[in-house]
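One structure is given below, encoded as structure tokens.
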Amino acid sequence: MPCNKLTIDNLIVIKGGAYNDITKALRKWIELYSKDLQDGLTFQLFKSGCGKHIIQVDKRLDNERFYYLINYLNYPEGIEYKINIEGFTRGKEENKLKDKNLLVYISPTDKDYDNVFVTTSGNETFKVDFGGKITETQESKTFNMPTDLTFEKPDLLIVNKKESIKKKNIPDKSSIEKRFKWISLVALCLTLISLVVSIYDPHAFVKFTFFLGIGIGVWFFGDYKMLQLDKYYIYGLLISTGFLGYAIFVKQELNFNVGIVDLGALYPLTLLVIQKPTRLIYKYFLNREPVVDRPPPTFWDGVYILILFLGFTVLPFIIMDSLK
């Protein structure tokens, strides 16, 4: 069977752990950082009969993300194993490690979990935290470059930004359900509080309703995956129309003619009215769900976010002006 000769450049050597777990952790890291990674980056994962796993990372991966990868593989989310991990790369960034051969590892005394340690070929050891600070330490680690690493055909993972966006955009129904129950319960409690407030202080009710409407609208805006599910979109419509009807009813009972009450109560409903057709048009032309994130993954995601934002913030004013 043909073998592949590895190069000591963005190379990771792992001792311990199951191969399937290492693969799973690597996939999760790629998905987690996909929007920051260059499209087409490759990760070759090799099996070894000596209790080792070897990852040959694309040379184009920068030092900072290489450090993140070493840290994540040592502390993966939702995966439990005990490993010893070492990474080998060359300093590429403009700092004291530039142009030096580097051995990257996790110190056994590490308690911060957001850093790596780096030993140069001259056996100088530095702590690199993820805030960008590099400090020399007294920790002793000898730089040893691995040699004669030859293995059989690897499993190949390739960064595909479009596929990663699709995977990230699949709603987690269980977490959405829990979040919906809690937030809707909070919204209901706040609505009841506003009713009590209206009895004792009508003017405070106006402000309360305005900001509560904004809060519900922001919830819908931020929880965009929830609105991808028809059931929760309908629930959102019921909440929005119910809140609008409540605000108008109380305003009439208080004999208020204050537009700000209607304006605040309109925010959630106008967002939903804009969101549905805009999302369907987006899906029709781009064949995927839009992503509401910062920064937007693509130009068209940015356009989608802008349309929602304008619908959320501007449309209520247009409606109120038209009703005068």
Side-chain angles (χ1 to χ4, degrees), residues 171-284 289-292 303-324:
D172 182 348
K173 293 183 180 180
S174 61
S175 63
I176 287 174
E177 182 179 7
K178 291 178 183 177
R179 192 164 59 247
F180 179 85
K181 287 180 179 178
W182 279 106
I183 297 179
S184 58
L185 180 60
V186 170
L188 176 61
C189 291
L190 290 175
T191 302
L192 294 176
I193 291 173
S194 74
L195 180 61
V196 175
V197 168
S198 69
I199 298 173
Y200 296 98
D201 190 345
H203 294 283
F205 166 78
V206 172
K207 297 177 182 178
F208 202 105
T209 303
F210 177 73
F211 287 110
L212 182 55
I214 290 178
I216 296 174
V218 169
W219 168 31
F220 292 159
F221 184 87
D223 209 347
Y224 68 98
K225 289 186 179 181
M226 177 185 74
L227 299 182
Q228 293 171 9
L229 302 174
D230 290 339
K231 179 174 75 172
Y232 290 101
Y233 181 83
I234 292 172
Y235 288 166
L237 281 176
L238 293 175
I239 290 173
S240 300
T241 53
F243 182 67
L244 176 61
Y246 158 77
I248 294 174
F249 172 77
V250 175
K251 185 190 76 167
Q252 291 175 343
E253 289 295 312
L254 296 174
N255 199 26
F256 268 17
N257 187 23
V258 183
I260 196 170
V261 175
D262 304 315
L263 189 66
L266 273 171
Y267 278 126
L269 188 59
T270 54
L271 174 68
L272 293 179
V273 169
I274 290 292
Q275 186 269 347
K276 188 72 170 183
T278 307
R279 171 176 165 256
L280 293 177
I281 292 170
Y282 186 105
K283 287 183 65 179
Y284 178 80
E289 290 283 0
V291 176
V292 178
V303 172
Y304 176 80
I305 293 171
L306 179 60
I307 292 172
L308 289 193
F309 180 76
L310 291 176
F312 177 44
T313 57
V314 177
L315 188 56
F317 288 95
I318 296 175
I319 293 174
M320 293 303 299
D321 284 340
S322 66
L323 294 176
K324 288 180 179 179

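Values below: every heavy atom of this structure, side chains too, minus hydrogens, waters and symmetry copies.
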Check your understanding: Are V291 and Y224 close enough, and set up right, to give a side chain to side chain contact (heavy atoms under 4.5 Å, CB included), and what steps lead you there?
Key -> CA-CA 8 Å; V291 176; Y224 68 98; 3.6 Å; yes
Point to revise | Interatomic spacing from OG1 in T313 to CD1 in I214 - rounded to 0.5 Å | key: 10.0 Å
Check your understanding: If you round to the nearest 0.5 Å, how far is CG of L310 from OG1 of T278?
Key -> 10.5 Å
Practice item. Give, for atom CD1 of I216 and atom CZ of F211, the distance between the pair rounded to the nearest 0.5 Å. Key: 14.0 Å
Review point. Taking the side chain as C-beta and beyond, is there a heavy-atom pair between I193 and L190 under 4.5 Å?
Key: yes
**Study point:** Set of ring pair (Phe, Tyr, Trp, His ring centres under 6.0 Å) partners for Y233, sequence neighbours left out
**Key:** none
Point to revise | Closest approach of F208 to S194 (non-hydrogen atoms, all atoms of both residues) | key: CD2-CB, 3.4 Å
Review point. After noting the C-alpha distance and the side-chain angles of F180 and I239, does the key distance pass the side chain to side chain contact (heavy atoms under 4.5 Å, CB included) rule?
Key: CA-CA 11 Å; F180 179 85; I239 290 173; 3.9 Å; yes
Practice item. Could you go through the side chain to side chain contact (heavy atoms under 4.5 Å, CB included) check for L212 and F243 one step at a time? Key: CA-CA 10 Å; L212 182 55; F243 182 67; 3.6 Å; yes
Exercise for review: Give the C-alpha distance, both sets of side-chain angles, the deciding distance and a yes or no for side chain to side chain contact (heavy atoms under 4.5 Å, CB included) between M226 and W219.
Suggested key: CA-CA 10 Å; M226 177 185 74; W219 168 31; 4.1 Å; yes
Review point. Could you state the interatomic distance from CG (L308) to CG (L227), rounded to the nearest 0.5 Å?
Key: 9.0 Å
Check your understanding: Where do F220 and S240 come nearest, in terms of heavy atoms and distance?
Key -> CE1-OG, 3.3 Å
Practice item. Among Q228, K225, K181, find the one that has a side chain to side chain contact (heavy atoms under 4.5 Å, CB included) with I176. Key: K225
Check your understanding: CZ/R279 to OH/Y304 distance, rounded to the nearest 0.5 angstrom?
Key -> 7.0 Å
Study note, to complete from the structure: Tightest non-hydrogen contact, residues I305 and F221, listed as CG2-CZ, 3.9 Å
Check your understanding: Sequence neighbours excluded, which residues qualify as salt bridge (Lys or Arg N to Asp or Glu O under 4.0 Å) partners of K231?
Key -> none
Check your understanding: For the atom pair NZ (K276) and CG (D230), what is the distance rounded to the nearest 0.5 Å?
Key -> 4.0 Å
Practice item. Please examine the side chains of T191 and T209, heavy atoms only from C-beta on, and report whether any two atoms are closer than 4.5 Å. Key: no
Review point. Can the ring centroids of F249 and Y246 be said to lie less than 6.0 angstrom from one another?
Key: no
